2 protein chains.
Amino acid sequence: MAKKSLSSGRREESLSQERIIEASIELLDSSGESGLTFRALAERLATGPGAIYWHIDNKTDLLTAACDAIIARTMQESRSGDTAKQSIRAVALGIFDAIDAHPWVGSALTHAPGQLPVVRILERIGQQVRAMGVPADKQWATVSALLNYILGVSGQNAANTHMARTRGLDRANFLGAIANDWSQLDPVEYPFTRSIAGQLPIHDDRLDFVAGIDLILDGL
Amino acid sequence: MAKKSLSSGRREESLSQERIIEASIELLDSSGESGLTFRALAERLATGPGAIYWHIDNKTDLLTAACDAIIARTMQESRSGDTAKQSIRAVALGIFDAIDAHPWVGSALTHAPGQLPVVRILERIGQQVRAMGVPADKQWATVSALLNYILGVSGQNAANTHMARTRGLDRANFLGAIANDWSQLDPVEYPFTRSIAGQLPIHDDRLDFVAGIDLILDGL
DNA sequence: CGGCCAATGGAACGCCGTTCCAGACAATAA
DNA sequence: TTATTGTCTGGAACGGCGTTCCATTGGCCG
């Protein structure tokens, strides 16, 4: 954290962590991860880069804070679920959808191990795993398996949409291009990849995601 | 890929994709992800940045190629395993150890969806999942669950060692610092995280990693 | 031998994150 | 009221990055 702001609204329309983070999210959503620069941010906030540094220590912290804002909202919205399993599914799907809407959150989560946004998720899952009656000595392994799976899917999903954007394609066309690459691999060395290439562009990510969650939950 | 090299060794000690990738790996291993720059690479190869661009299209491709070199070696070494399950475990552990030795591989894998290094892993796992007799319509979900879990752990592991390096700590001290943060969280909001904070620095990552693999395999 | 062209390597371009610092402003003390 | 203090601003500047450009090299072929 940067030096704390002691007075609120000392000037009209003054800068604040909140305003900076909000503007960052807008920038990230509209221009992707590479769209967040201190210069672009300064322009949007009608100030200079130096002013931002009074409120934010560095870009890494800013990205983590923006990610945390999204995750915090997501956790608030997905408080539903009758059983523990359903709650876990709800949290997982909430994250999935959040990353679908804000791809940069996926890579931010992946690069901030042990930080607040990840802890929010960890806590939620942990409470439900406990509620399921998983013995204490297996709670860690269970929760970390779930968390790592979720973060893995997050990262891949984020990377997919990012690469698609980079190449100027929409998601479907991008997956189609990869499927095409796969189907042209050596039949002897890559029989399996070739055989499932066709499923890549048409399968339902979201459905397969919960299937994976269930697979882990069923293994308990 | 850049324009193909038509002649080999036209000059003594000439540049080549192979030499460039090898030097990149050395650079990444010794100085981390941020240590790979075209200038540092040029210096190590006693040339200029422009010469490298004759053989390599851009930095992203270079990183993916370096990652692929490591994964290809790893896949070759972990060909053992009596049963299909043991083979999957062997592949997974091979990747785990590779990322432990080359943390940058973790984040490279995460950022290259559908690319060759990921496909190598996908194929290996797919063949074993098939050998286990998983029905065709569930193969995709099974393989992608395993793959995403593996990539998730990879990413987190890589991020951990990267952040530890950034802060000038070794892995144990870094995890200890996070555990300390966790144990000071609000007891009402974060009871679970607080309760498992103590396990974070002392638990065996590698063991928990295979435990997660088994959890997924058992869910079949 | 002379021309061709793959291959080289160093300079330059336009960005980036970050630092620096002169100045503006609200709150307080005199 | 005025002087002082310390928070907060914003634009200039620094070093470094990925990438491009291009004059030059040096092996090969007619």
Side-chain angles (χ1 to χ4, degrees), chain A residues 1-21 23-24 27-28 31-66 104 107-108 111-112 162-163 166-167, chain B residues 1-21 23-24 27-28 31-66 104 107-108 111-112 162-163 166-167:
Chain A
M1 287 291 156
K3 283 141 205 136
K4 209 174 180 181
S5 170
L6 295 179
S7 59
S8 60
R10 238 171 96 165
R11 298 180 207 183
E12 312 292 324
E13 286 299 309
S14 69
L15 245 41
S16 68
Q17 281 203 31
E18 217 173 287
R19 282 224 310 144
I20 293 172
I21 290 171
S24 299
L27 222 41
L28 286 161
S31 319
E33 210 162 340
S34 66
L36 179 63
T37 69
F38 277 85
R39 291 186 220 306
L41 200 50
E43 190 181 6
R44 182 173 280 246
L45 293 168
T47 180
I52 297 173
Y53 272 90
W54 183 262
H55 302 273
I56 303 284
D57 268 354
N58 53 59
K59 191 176 176 177
T60 305
D61 281 9
L62 178 56
L63 194 62
T64 304
W104 52 272
S107 72
H111 290 106
H162 176 260
M163 286 204 80
T166 298
R167 306 189 181 180
Chain B
M1 287 291 154
K3 284 142 206 135
K4 210 174 181 181
S5 171
L6 296 180
S7 59
S8 61
R10 238 170 97 166
R11 296 181 208 184
E12 311 293 323
E13 286 299 311
S14 69
L15 244 44
S16 68
Q17 282 204 31
E18 216 173 286
R19 284 224 311 144
I20 294 173
I21 290 171
S24 299
L27 223 41
L28 286 161
S31 319
E33 212 161 340
S34 65
L36 179 63
T37 70
F38 277 83
R39 289 182 226 290
L41 200 50
E43 190 181 6
R44 182 173 281 247
L45 293 168
T47 180
I52 297 173
Y53 272 90
W54 183 262
H55 301 275
I56 302 284
D57 269 355
N58 53 59
K59 190 176 175 175
T60 305
D61 280 8
L62 178 57
L63 195 62
T64 304
W104 51 272
S107 72
H111 290 104
H162 176 259
M163 286 203 80
T166 297
R167 305 188 182 182

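Keep in mind the model is a prediction, meaning the values are calculated, not measured. Here is how names work: the chains are called A, B, and so on, in the same order as the sequence lines, proteins then strands, and each is numbered from 1.
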So CD1 of Ile21(A) and CG of Leu63(A): to nearest 0.5 Å the spacing works out to 11.0 Å
Whole angstrom is fine here: how far is it from CD in Glu33(B) over to P in dG18(D)? 12 Å
Distance (rounded to the nearest 0.5 Å) between Thr64(A) OG1 and Asp61(A) CG: 6.0 Å
Measure from CG on Leu63(B) to C1' on dG18(D) and round the result to the nearest Å. 14 Å
In whole Å, what is the span from the CG atom of Leu41(B) to the C1' atom of dG16(D)? 16 Å
Nucleotide dG9(C), atom P - distance to CZ of Arg44(B) in whole Å: 17 Å
Do you know which two heavy atoms are closest between Glu33(A) and Leu28(A), and how far apart they sit? CA-CD2, 3.8 Å
Worked check of side-chain contact (heavy atoms from CB on, under 4.5 Å) between Thr60(B) and Thr166(A): CA-CA 12 Å; Thr60(B) 305; Thr166(A) 298; over 6 Å; no
Figure out the CD1/C1' separation between Ile52(A) and dG10(D), and round it to whole Å. 10 Å
Integer-rounded Å distance: dC25(C) C1' and Leu15(A) CG: 15 Å
Using 0.5 Å steps for rounding, measure from the CG atom of Leu45(A) to the CD1 atom of Ile52(A). 5.5 Å
Side-chain N or O of His55(B) versus OP1/OP2 of dA6(C): is the shortest distance under 4.0 Å? no
Nucleotide dT25(D), atom C1' - distance to CH2 of Trp54(B) in whole Å: 13 Å
Would you please name every residue forming a salt bridge (charged side-chain N to carboxylate O under 4.0 Å, His left out) with Arg39(B), sequence neighbours left out? none
Would you mind building the protein contact string for nucleotides 14-20 of chain C? One character per nucleotide, 5' to 3', B for base within reach (heavy atoms under 4.0 Å), S for sugar-phosphate only, - for untouched. --BBBBB
